[in-house]
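Keep in mind it's a predicted model, so treat the numbers as computed, not measured.
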Amino acid sequence: MSKNKVDIAQIDLEKEKEKITDIPGLIEYAHHAGSAIIKPEDKGRIKGTAVSAMHDQTDRQFRQLYEQMQTLIEQAKYLQDRVAVSERIYMANVPFQPVIGKIYYLYRKKNGTDLLSMVSPDEWGKSFPYASFEAEVRLLSDHTWEIVKTNNDEFNY
């Protein structure tokens, strides 16, 4: 026999019926020459992409949480400084009644005690009578003191 001839007796018609369907969109292979190419999915690649995306997203969320923590730490430090300066002012010599919202100046005297003054360091000129200027402060409505400017490493604001 020639190589190009098909032996009909060798064809299993029952087996060939399994390759035929009334709904060709549901079979797992292309059912004619013009069908779309069907490729099996690379599940390892899909999982790898998903894991990479998950790590990227969680890394962003960790960075965001870290930034929020930094902000909270800065706010806590600011509150600690406000408490410290408020305590120093309330222990200091204050020869007047401070008014809420006004600016005052905290000085360290040569004997080591503190004094709250209405006179700024610039207004003293060359006759500066104190050991050091500590902070420019504003009395807040809750009777704590906001640090406007400082000349002291103890207060960072």
Side-chain angles (χ1 to χ4, degrees), residues 18-157:
E18 293 176 6
K19 297 179 184 177
I20 299 172
T21 182
D22 293 333
I23 309 171
L26 297 180
I27 58 177
E28 59 193 33
Y29 51 86
H31 66 286
H32 60 78
S35 293
I37 299 172
I38 299 173
K39 292 182 181 178
E41 294 182 1
D42 182 355
K43 291 185 181 182
R45 194 178 105 232
I46 292 170
K47 285 181 184 178
T49 302
V51 168
S52 175
M54 180 268 307
H55 280 289
D56 181 56
Q57 181 62 27
T58 54
D59 286 347
R60 275 192 243 157
Q61 289 174 336
F62 277 126
R63 280 192 303 274
Q64 184 180 24
L65 286 172
Y66 179 77
E67 289 168 4
Q68 290 171 354
M69 288 179 355
Q70 289 299 107
T71 300
L72 290 172
I73 290 168
E74 289 170 10
Q75 290 173 348
K77 175 67 175 129
Y78 175 73
L79 286 174
Q80 284 177 329
D81 288 348
R82 276 184 50 201
V83 167
V85 79
S86 295
E87 287 175 345
R88 278 187 65 183
I89 290 169
Y90 286 121
M91 298 299 288
N93 178 17
V94 183
F96 56 90
Q97 178 67 41
V99 177
I100 293 171
K102 298 294 181 188
I103 299 285
Y104 300 99
Y105 305 91
L106 182 65
Y107 296 101
R108 172 73 53 154
K109 292 172 140 185
K110 291 176 182 165
N111 66 5
T113 62
D114 291 325
L115 170 84
L116 189 66
S117 173
M118 292 184 272
V119 181
S120 76
D122 297 335
E123 294 174 301
W124 289 107
K126 292 185 182 201
S127 63
F128 187 75
Y130 304 110
S132 64
F133 163 70
E134 298 293 305
E136 179 178 330
V137 294
R138 177 182 294 119
L139 180 60
L140 301 177
S141 61
D142 64 355
H143 288 272
T144 61
W145 294 84
E146 174 186 24
I147 302 167
V148 177
K149 183 171 82 173
T150 184
N151 193 33
N152 187 332
D153 289 338
E154 182 180 345
F155 309 116
N156 295 322
Y157 296 93

key: Thr58 (side chain) donor-acceptor with Met54 (main chain) under 3.5 angstrom   = yes
ask   = Ion pair present between Asp56 and Arg60, side-chain N to carboxylate O less than 4.0 angstrom?
value = yes
query = Do Lys77 and Asp81 pass the salt bridge (Lys or Arg N to Asp or Glu O under 4.0 Å) test, and can you show the C-alpha distance, the side-chain angles, and the key distance before you say yes or no?
reply = CA-CA 6 Å; Lys77 175 67 175 129; Asp81 288 348; 2.8 Å; yes
task = Return the orientation label for the Phe128 and Trp124 ring planes: parallel under 30°, perpendicular over 60°, tilted otherwise.
result = perpendicular
Check: Ser86 side chain, Trp145 main-chain N or O, donor-acceptor pair, under 3.5 Å = yes
query = With distance as the sole test, does Ser132 use its side chain to make a donor-acceptor pair with the main-chain N or O of Tyr107 at under 3.5 Å?
reply = no
query = Taking only residues two or more places apart in sequence or in another chain, which ones pass ring pair (Phe, Tyr, Trp, His ring centres under 6.0 Å) with Tyr66?
reply = none
key: Close side-chain approach of Glu123 to Met118, heavy-atom, < 4.5 Å   = no
task = Scan side-chain atoms only and decide if Asp142 and Thr144 contain a donor-acceptor pair under the 3.5 Å cut-off.
result = yes
Whether Tyr130 side chain and Asp114 backbone form a donor-acceptor pair below 3.5 Å = no
key: Note, His143 side chain near Ile100 side chain (heavy atom, < 4.5 Å)   = yes
Met69 side chain reached by Leu72 side chain, heavy atoms, under 4.5 Å = no
